[in-house]
Each structure stands twice: as C-alpha cells, then as structure tokens.
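When reading the values below, keep in mind they use all heavy atoms of this one structure, side chains included, and skip hydrogens, waters and symmetry mates.
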There are 2 protein chains.
Amino acid sequence: MPPPRRRATITDVAAAAGVAASTVSRAFTRPGRVNHATQARIMEVAAELGYAPNPAARALESGRTNTLALVVPDVTNPYFAGVIKGAERATATAGLTLVIADAQENPATEEQIVTRLGPAVDGFVLTASRLPDDALRRAAELNAVVLVNRAAPGLACIVSDFDTGARQIVDHLASLGHRALVYLGGPAESWSGARRWAGLRAAAQQAGMGATRFGPYTPTFASGPAAADAVLAAGATAVVAHNDILAIGVMTRLADRGVVVPDQVSVVGFDDIFGSDFCHPPLTTLAERTEDAGARAVETLVALGPAGRADRDVAPRVLPTQLVVRRSSGLAVS
Amino acid sequence: MPPPRRRATITDVAAAAGVAASTVSRAFTRPGRVNHATQARIMEVAAELGYAPNPAARALESGRTNTLALVVPDVTNPYFAGVIKGAERATATAGLTLVIADAQENPATEEQIVTRLGPAVDGFVLTASRLPDDALRRAAELNAVVLVNRAAPGLACIVSDFDTGARQIVDHLASLGHRALVYLGGPAESWSGARRWAGLRAAAQQAGMGATRFGPYTPTFASGPAAADAVLAAGATAVVAHNDILAIGVMTRLADRGVVVPDQVSVVGFDDIFGSDFCHPPLTTLAERTEDAGARAVETLVALGPAGRADRDVAPRVLPTQLVVRRSSGLAVS
DNA sequence: CGTCACGTGGCAAGCGTTTGCCATTTTTGC
DNA sequence: GCAAAAATGGCAAACGCTTGCCACGTGACG
C-alpha cells in the first residue's frame with residue numbers, strides 16, 4: 001500500500017506548469033482570462049497531478065462554499081425522499097453540492113444543525129421545520145433560508161396547496177355518502193398538520209359534514225393501533241390520517257380487529273408515499289409534488305444568493321396537490 | 001428586514017472579550033489550556049455575538065474537515081434509509097458532520113462525487129459502490145474509504161452475510177417442499193447481487209435444489225411485470241428476487257394475473273425494507289442490519305483516521321442476516 | 001530568597017485559494 | 001511606425017483559524 005499521498009495544491013500545479021499560482025487559479029475560475037495555450041497546459045498538468053481545488057480554501061477567501069444544506073425532520077421518512085431527490089437534482093444542475101442533515105424530529109437538534117452548518121453552507125432548505133418563527137428569523141439573518149411546507153413572516157417558502165387538497169378529500173368522502181370525518185392529527189408543532197386540519201375543517205363545514213380531530217399522534221406505523229382503536233370507539237365511518245404512514249398503521253390495526261376497509265371504514269392519507277400503492281388495501285391519499293418542492297426550494301435559494309437578499313417577492317409558492325383515489329375509500333355504511 | 005449581518009469571527013470575539021484571537025481559539029479547542037475565568041468570559045461573549053467557528057478556515061489549517069461523506073446509489077431507495085440513519089447516528093456521536101450524496105446509480109456520477117467532495121471531507125463511506133476496483137483504490141489513496149456491501153482488495157468493508165442468508169432462504173424453501181427456485185437478478189454491476197446469487201446457487205446445490213437465474217432486471221417496482229411473466233412462463237413455484245422492491249412488483253403483477261401468492265408461487269425478497277411488512281401478502285425476506293452497517297462503517301472510518309491508514313486489519317466485517325418469514329412463502333404446489 | 005516548573009496568554013507564521021493592482025507584451029487603429 | 005488599448009501574467013494581501021514558540025507571572029521547593 002502506497003504512503004498516503006499528499007494532495008496536489010495549486011502551487012504544485014503552478015510549479016509544474018511554470019506559471020504563477022494566480023494564473024492557475026484564473027485558469028479554473030475565469031477561463032477567458034488566460035491565454036488559450038497556457039490554459040491548456042495548466043489543465044493538462046492539473047489532470048496529471050490529480051489536482052482538485054480545495055473547497056475549504058476557496059470558501060475561506062470568497063465566503064461562498066457552493067454548498068447548500070437540506071434539513072429534514074427524518075431522513076428515513078419516505079415522504080422526504082421526494083424532496084431530497086428534487087433538491088439533489090436542482091443542486092447538481094446549479095453546479096453546487098448538497099448536504100443533507102437529519103433533525104431527528106427535534107427542534108434543538110435542528111437549531112444546532114443550523115448553527116454548526118451555517119458557516120459551512122451558502123443557504124438552507126428547511127423542510128417541515130419545527131423551529132419557532134423567531135429562531136427561523138435569526139437563522140435567516142445569517143444565511144439564505146427557504147422553507148418547505150412551513151411558512152414564516154418574511155421568509156421564502158414552498159408549500160403544498162392543502163386548502164384545495166383538503167377540499168378534494170372532503171368532496172370525495174361526501175360524494176361517497178359520508179356525513180362526518182375523523183382527522184387523526186400529527187405532532188402539535190407540525191405546521192403542515194395544522195394546515196391540513198384547518199383545510200379539512202373549513203371544507204367539511206362548507207360541505208355540511210362533521211369533522212373531529214383526534215390525537216396528536218406521532219406519525220408512525222406504531223401509532224396506528226391507538227388511533228385505530230379510537231376511531232372504532234367513536235364509530236366513525238371515514239378517517240383522514242395526518243399522513244400515509246399513520247394511515248397504513250391504522251389500516252393494519254383495523255384488519256387485525258376484523259374491520260374491513262373500505263366497507264366499514266374509509267381511510268384517507270396524506271403524501272402518497274412509497275408503499276401507499278401496494279399496502280392493503282391500496283390507500284386513497286393526497287399526493288403532493290414533493291420532488292418539485294425540493295427542486296423549487298433549491299432554485300429559490302440559488303436565486304436569493306448567498307446573502308439571502310429576499311428583496312423580491314417572498315410570497316409563498318403554492319404547489320398543487322392531487323387526490324389519488326385507490327381502494328381504501330368507499331361508500332359510507334348506511 | 002435588517003441588512004444581512006456579517007458573521008462574527010474569532011477576532012470579533014477576541015476584541016469583545018479583551019483577549020487575543022489565539023486564546024479564543026484555544027478556549028474552543030483545548031478547554032484545559034486557558035484559565036477557567038477567561039474561558040467562561042470568552043464563551044459568554046461568543047454566545048452573545050452568535051459566534052460559531054468557520055469550518056472552512058478550520059479545515060484549511062488542520063487539513064481535517066470533521067466531515068464524512070456517505071455515498072449511496074439512490075437516496076430514495078428505502079434500503080439505504082437504514083444505512084443513512086445508522087451513519088447519521090454514529091457521525092453525530094463522534095461529533096462530526098455527515099454529508100449524503102446521491103450517485104444516481106451512475107458510476108460516472110459516483111466518481112465525480114468522490115473527486116469533488118474529496119478535499120472537503122475526511123473520508124468516504126461508499127455504499128454498494130458501482131465503481132471498479134481500481135477507481136476505488138485510487139480514491140483510497142487520497143481519502144479514507146470504507147465500503148458497505150462491496151468488497152475490494154485492501155479496502156475496509158462492511159458486508160452482510162449473504163452466504164448464510166442465502167442458505168436460510170434455500171432451507172426455508174426446501175422445508176416447504178420446493179424443489180427448485182428462480183432467482184430474479186439485479187443489475188450486472190451489483191456486487192451484492194453477485195454474492196446473493198452465488199450464495200443461493202451454492203446453497204441450492206447443497207440442498208439438492210435446482211436454481212436458475214433470470215434477468216438482469218433493474219430492481220424497481222416497474223420491473224415487476226416482466227419478471228413475473230417470466231416466472232409464470234417458466235412454471236416456477238418459488239422465486240427469490242434481487243430485492244424487496246422487485247419482489248413486491250412481482251407480487252403485484254402476479255395478483256393482476258390471478259396467481260395467488262403463496263398458494264401457487266412463493267416469493268422471497270432481500271432487504272426487509274419499509275413496506276415489506278404491509279404489502280400484500282406481507283413479504284418473506286432476508287433482513288440485513290442496515291442501520292448497523294452504516295454505523296459500523298462510520299466507526300471504522302473514524303478509527304482509520306483521515307489519513308486512511310489501513311495498517312490494521314482490512315478483513316471484511318461481516319454482519320449477520322436474518323430471515324423474516326411472512327406470508328408470501330408457503331408450501332410448494334404438489 | 002533564588003531557582004524551577006508550571007500555568008497562562010500573546011505573537012506570528014502558515015494553511016490553499018482568490019483577486020486587486022500593476023508590469024509587461026501583444027494587438028489594434030491610424 | 002507610433003500611440004493607445006487590450007491581453008496576459010505576476011505579486012502580494014487577505015480570508016478565519018490553529019499552533020509552535022516565547023514571555024510573563026505565580027507558587028513550590030530547597
């Protein structure tokens with residue numbers, strides 16, 4: 001095994017090519033600025049030496065790191081997979097590097113991430129942030145920040161159209177003859193959870209349907225039994241869960257208790273995650289354009305620039321949602 | 001909106017606390033080295049100014065970035081969620097930062113990631129790397145590298161025990177009366193795919209069972225129909241898929257064609273991903289300790305040090321697997 | 001009371017790059 | 001051919017931090 005090779009620096013390349021370091025630097029950053037022949041020679045030598053510019057040194061001088069951070073509450077949650085994918089794609093297109101950080105559903109962890117990573121990145125995409133408004137404002141003073149599925153005064157954000165989405169769900173259930181619905185709420189700090197419930201309640205009222213909120217439940221498979229039992233105890237015929245994972249957990253418990261979905265209870269979720277098409281029965285759910293959301297967020301961040309000058313419109317960009325009707329929703333029991 | 005505030009530097013803190021910059025630096029990096037009272041004052045001032053050390057500057061001096069990179073072929077693939085989670089946890093424990101990069105199942109992209117990110121990180125965890133051995137060796141000359149579910153001469157790696165796992169699968173199927181199995185192969189470059197097939201074939205031979213490989217298939221839901229149709233055409237009673245996603249895709253197609261799993265065909269997957277417990281029917285699959293793998297990989301990387309001195313044993317660390325029997329496997333049709 | 005060790009803090013160099021400024025050479029326009 | 005302008009490349013400072021080295025002051029020891 002060869003000794004750990006020292007990485008070639010710009011000076012090494014300069015020496016080998018017989019030019020000054022500054023010329024090498026320009027060859028990489030301002031291609032037009034140096035003579036064509038010199039440029040070619042430098043590039044050749046650089047390739048030969050395996051030279052790659054040191055990002056740390058670059059960042060130090062310019063203050064720009066060409067790195068964006070995406071913070072999600074839980075990387076293993078398939079809901080965020082789409083956001084990650086979209087952000088990843090948009091970042092690559094912009095020629096930047098993306099760092100993904102896991103806040104572990106914990107505001108303190110999230111704040112720590114923002115503090116520690118702050119100087120190392122040009123901006124943050126905070127997805128479903130659990131941080132209070134003033135913490136977000138503070139973060140936005142030091143870094144460009146774009147929110148996804150969370151709104152805060154003065155900050156750019158990308159949100160799904162939960163109002164229309166909720167109306168679609170309610171209309172769907174109403175058209176199946178349901179007269180009331182139960183909403184299984186997610187975490188209390190969840191902004192999107194609040195929006196979902198607000199949308200459902202408003203739409204239900206407009207449609208003359210009853211709407212009750214249960215919970216909060218942690219939106220995991222494991223919360224399914226508690227939620228399902230509560231639904232059965234209440235005698236509900238239609239239940240809308242905070243998200244698909246919870247919905248699937250509920251359906252699993254209902255099956256265990258011999259309750260047939262959708263014949264006896266209709267179940268609707270939010271997110272259309274991986275798995276909602278092959279669970280049993282396949283889940284009716286409100287699909288969000290998560291990949292778009294991630295991509296849009298990064299694009300907005302790039303447009304904002306590292307200073308985070310939000311002089312432009314900070315009006316929320318609203319992404320459409322779409323109700324995917326599968327087999328978990330059916331006619332109300334008469 | 002306030003003007004974009006300049007980030008406080010170590011000099012600002014030093015000035016505000018009435019000490020030299022070096023003292024502030026030491027207060028952060030060598031707590032015992034400065035007077036207790038001075039230390040306290042510095043910390044207080046630092047907190048007040050919202051100071052956080054600039055990682056780029058730190059990295060420049062020390063050559064260490066305190067950042068590790070985890071490269072996965074596809075972040076949205078739930079199989080890698082466990083690896084990510086485990087790596088994330090171990091990295092946090094070690095007080096480091098983790099960067100996750102998506103190679104998009106593309107060797108060229110993977111190589112580019114390693115090149116571009118190389119100077120910015122202290123080491124790489126390459127998961128299911130598609131890179132050829134010599135590219136891996138080159139990468140390992142410049143950075144510490146640990147492989148997950150991939151082996152290469154001279155490099156540290158964490159692998160699942162596919163030999164034992166394959167034997168468990170074969171024994172299970174044999175005990176259900178199956179006399180032969182069909183393996184639905186994954187991508188040709190997949191190292192773990194090769195190991196899976198090798199293990200299955202060896203175990204089948206030992207058990208006196210037939211074993212045939214079909215494919216390769218891209219391991220996605222969408223490949224299910226093609227694979228399922230091939231299985232039916234061959235009249236197989238037991239099928240083992242390269243991974244759970246493919247297995248679920250196959251089961252979906254089988255259901256569409258009116259074939260009952262497991263009564264007519266038994267299906268077994270690899271990975272035990274999110275969803276394999278609630279698909280229909282729940283999938284029998286070989287569970288790997290993916291979270292452990294991620295954590296172990298990071299720990300190994302940390303132990304290696306930034307120089308990547310693999311003087312120590314580079315023997316593969318083998319992680320046990322476990323067969324999770326659910327309802328997709330049953331008695332062979334007689 | 002002198003010597004020594006130790007605790008504590010400052011100075012300054014250096015990490016690899018970028019960039020403003022200047023000097024030199026080449027090109028252009030007349 | 002000459003002056004002016006453009007092209008090209010070098011010098012050196014700066015980015016924020018770490019760290020080897022040194023200086024100073026204090027307490028311990030003989």
Would you say a side-chain N or O of A/Thr29 is under 4.0 Å from OP1 or OP2 of C/dT18? no
B/Asn54 atom CG is separated from D/dA14 atom P, nearest whole Å, by 18 Å
By nearest heavy atom, map A/Arg33 and B/Leu60 onto DNA chain D; which one lands nearer the 5' end? A/Arg33
Hey, does A/Phe28 reach any base, or is it just sugar-phosphate, or nothing, if we go heavy atoms under 4.0 Å? nothing
Counting heavy atoms from C-beta on, name the nucleotide in D/dC17, D/dT19, C/dT17 closest to the side chain of B/Ser22. D/dT19
Out of B/Val298, B/Asn149, B/Val318, B/Val146, which residue meets the side-chain contact (heavy atoms from CB on, under 4.5 Å) rule with B/Ile158? B/Val146
So, applying side-chain contact (heavy atoms from CB on, under 4.5 Å) with A/Gln104, which one of A/Thr109, A/Val75, A/Ile113 is it? A/Thr109
Regarding A/Ala57, tell me which of base, sugar-phosphate or nothing describes its non-hydrogen contacts under 4.0 Å with the strands shown. base
How close or far is atom C1' of C/dT18 from atom CZ of A/Arg30, stated in whole angstroms? 8 Å
What nucleotide, of C/dT17, D/dC17, D/dG9, holds the atom closest to the side chain of B/Ile10? D/dC17
Would you mind reading off the distance between A/Asn66 atom CG and C/dT18 atom P, rounded to a whole angstrom? 10 Å
What nucleic acid atoms does A/Pro119 come within less than 4.0 Å of, heavy atoms only: base, sugar-phosphate, or nothing? nothing
Would you classify B/Val19 as touching base, sugar-phosphate or nothing, given that sugar-phosphate means primed atoms plus P, OP1 and OP2, and contacts are heavy atoms under 4.0 Å? sugar-phosphate
Can you measure A/Gln39 atom CD to D/dA7 atom C1' for me and round it to whole angstrom units? 14 Å
N or O in side chain of A/Thr38 less than 4.0 angstrom from D/dG9 OP1/OP2: yes
Judged by each residue's nearest nucleotide on DNA chain C, which is more toward the 5′ side, B/Ala21 or A/Val24? B/Ala21
Nearest-Å distance for atom pair CZ/P, residues A/Arg26 and D/dG9: 9 Å
Please determine whether any donor N or O and acceptor N or O are separated by less than 3.5 Å between the side chain of B/Ser25 and the base of D/dC17. no
Is the shortest distance from a Lys or Arg side-chain nitrogen in A/Arg130 or A/Glu105 to a carboxylate oxygen in the other one below 4.0 Å? yes
In whole angstrom, give the distance that lies between atom CG of B/Asp12 and atom P of D/dC17. 9 Å
Counting only side-chain heavy atoms from C-beta out, which of D/dA12, C/dT8, C/dT17 sits nearest to A/Glu61? C/dT17
Residue pair A/Ser192 / A/Arg150, side-chain donor-acceptor N/O under 3.5 Å: no
Would you say B/Arg58 places a side-chain N or O within less than 4.0 Å of OP1 or OP2 belonging to D/dT18? yes
So that I can tick it off, tell me whether B/Arg138 and B/Asp134 are bridged by a salt bridge, with the cut-off set at under 4.0 angstrom between side-chain N and carboxylate O. yes
